[in-house]
Amino acid sequence: MVNTTISGKKRPLDLWDKIEIVIERDGQRGLYMTRVEDIGPNKIIASKPEFVDGNRLLVENAAVYVQFRKPDAMYRYAARIKSRPGKDDTSVELHLIGKMERVQRRNFVRIDMKIGLKFSLLKKSDISNALQDPCWHDSFSKNVSAGGMLMNVGEDVEKGDILMVRIGDNNITGLPRLLTVLCCRIVSFREDRFAGVEFIKNENLHLYFTRNEISSLPSQIQQFDNNVQNKMVRFVFERQVKERQKGLI
């Protein structure tokens, strides 16, 4: 197996890594999830893609993006999708037709949704990064996705800060009651200040907290994993369908 890119450099993908296939055409978009089964020169063999979101179907020879997440960002390759004759549709070939790109755009579809919240600042980005004592503040979301949300914050929250968020009682999203989030940006609407935050998944907690810090935090923060995130993707999609049926979007 040759694990190289078109340029000959080592590719940051290994067997059984999770990847997403995105197809965009005529203003429509489809998102599918799969895993790497094999890697060859300019080619990835992946298991049968599972539909996640959108309204565009995968078809033979379609131009797609193969994208995957690393701790620092989302990356992607341009590719063409090919079926594998004799494989009973259990896998596909993704022929890479471009160099790897670092993706700066939003990874998940967002919907406008107000959820009652409370948040407590856990770590500041500009000091020793020691855990701070809990001090809860009332808040609410402006929009939400499977990857994060835009939430109302006070003057003390800045980009790079880590917060613990408590979801209100009337929670229909399927999110755990407690989450840790990373503040990625600050925006203002009229006189209100909002933070665009990214949910920190269980598998990534070690990137932001020591083992002792994780053990000292409420165990519920470890419940946000890939399964919960996939349920959130479905929730957002179903919510979009209902709002379209009502003529709201």
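Values below: all heavy atoms of this structure, side chains included; hydrogens, waters and symmetry mates excluded. These numbers were taken from a predicted model, which means no experiment stands behind them.
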Minimum heavy-atom separation for Ser120 and Cys135, please, with both atom names. OG-N, 2.9 Å
Leu217 with Leu205, same ILVMFWY side-chain cluster at under 4.5 Å: yes
Could you tell me the separation between the CG atom of Leu122 and the CG atom of Leu182, rounded to the nearest 0.5 Å? 11.5 Å
Quick one: closest heavy-atom pair of Ile23 and Ala63, and the distance? CG1-O, 4.0 Å
Do the non-hydrogen side-chain atoms of Gln132 and Lys123 ever get within less than 4.5 Å of each other? no
At their closest point, which heavy atom of Ser145 faces which heavy atom of Val236, and how far apart are they? CA-CG2, 4.3 Å
Of all heavy-atom pairs between Phe235 and Ile172, which one has the smallest distance, and what is that distance? CE1-O, 3.4 Å
Min side-chain heavy-atom separation Tyr208-Thr180 under 4.5 Å: no
Hey, could you give me the CD1/NE2 distance between Ile97 and His95, rounded to the nearest 0.5 Å? 10.5 Å
With rounding to the nearest 0.5 angstrom, report the OG to CG distance, Ser141 to Leu175. 9.5 Å
Side chains of Asn226 and Lys18, heavy atoms from C-beta outward: is any pair under 4.5 Å? yes
Backbone N/O of Asn143 and side chain of Arg110: donor-acceptor pair under 3.5 Å: no
Could you check whether any side-chain N or O of Arg177 sits under 3.5 Å from a backbone N or O of Ile167, counting only pairs where one atom can act as donor and the other as acceptor? yes
Validation row: Val64, Tyr32 side chains within 4.5 angstrom (heavy atoms): no
Pick one: which of Ile44, Thr34, Val52 meets side-chain contact (heavy atoms from CB on, under 4.5 Å) with Ile21? Thr34
Are Leu58 and Val66 linked, directly or through other ILVMFWY residues, by side chains that come within less than 4.5 angstrom of each other? yes
Any chance you could lay out the side chain to side chain contact (heavy atoms under 4.5 Å, CB included) test for Lys231 and Val233, step after step, and finish with the verdict? CA-CA 5 Å; Lys231 290 178 181 177; Val233 169; over 6 Å; no
Shortest non-hydrogen contact between Val157 and Cys183, atoms and distance: CG1-SG, 4.2 Å
If hydrophobic clusters are built by linking Ile, Leu, Val, Met, Phe, Trp and Tyr wherever their side-chain heavy atoms come under 4.5 Å apart, do Leu131 and Trp136 end up in the same one? yes
Paired with Pro176, the side-chain contact (heavy atoms from CB on, under 4.5 Å) test is passed by just one of Arg166, Gln222, Gln223, namely Gln223
Is there a side chain to side chain contact (heavy atoms under 4.5 Å, CB included) between Asp225 and Lys201? Walk through the geometry before answering. CA-CA 5 Å; Asp225 56 15; Lys201 291 196 293 188; 5.9 Å; no
Indicate yes or no: does Lys124 engage Glu158 in a salt bridge with an N to O separation below 4.0 Å. no
Same cluster or not: Phe51 versus Phe68, using hydrophobic residues (I, L, V, M, F, W, Y) connected whenever any side-chain heavy atoms lie under 4.5 Å apart? yes
Are any side-chain N or O atoms of Arg239 and backbone N or O atoms of Met113, one a donor and one an acceptor, separated by less than 3.5 Å? no
Would a hydrophobic clustering, with Ile, Leu, Val, Met, Phe, Trp and Tyr connected at side-chain separations under 4.5 Å, put Val165 with Ile111? yes
Asn42 CG to Leu96 CG distance, which is reported to the nearest 0.5 Å: 6.5 Å
Report the C-alpha separation of Lys142 and Lys114 in whole Å, then their side-chain angles, then the decisive distance to 0.1 Å, and conclude whether the side chain to side chain contact (heavy atoms under 4.5 Å, CB included) test is met. CA-CA 5 Å; Lys142 186 174 180 64; Lys114 187 174 182 178; over 6 Å; no
Carboxylate-amine/guanidinium proximity below 4.0 Å for Glu60 and Arg80: no
Of the non-hydrogen atoms in Glu37 and Ser91, which two are nearest, and what is the gap between them? OE1-CB, 3.7 Å
Pairwise side-chain contact, Arg185 with Lys159, heavy-atom cut-off 4.5 Å (strictly under): no
Could you measure the distance from the CG atom of Leu179 to the CG atom of Leu117? Nearest 0.5 Å is fine. 9.5 Å
Rounded to the nearest 0.5 Å, how far does CE of Met149 lie from CD1 of Ile115? 6.5 Å
With a 4.5 Å cut-off on side-chain heavy atoms, are Val36 and Ile19 touching? yes
Measure centre to centre between the rings of Phe194 and Phe140, then say whether the value is under 6.0 Å. yes
Verdict with reasoning, Lys48 to Val92, per side chain to side chain contact (heavy atoms under 4.5 Å, CB included): CA-CA 6 Å; Lys48 183 178 180 179; Val92 295; over 6 Å; no
Counting only N and O atoms by type, is there a donor-acceptor contact under 3.5 Å from the side chain of Asn230 to the main-chain atoms of Asn227? no
Is Phe119 close to Met164 at the side-chain level, that is, under 4.5 Å between some pair of heavy atoms? no
Do Ser47 and Arg35 have a side chain donor and acceptor closer than 3.5 Å? no
Do other residues, nucleotides or ligands put more than 12 heavy atoms under 6.0 Å from the CG atom of Asp133? no
Would you say that Leu31 contacts Glu50 through its side chain, given a criterion of any heavy-atom pair below 4.5 Å between the two side chains? no
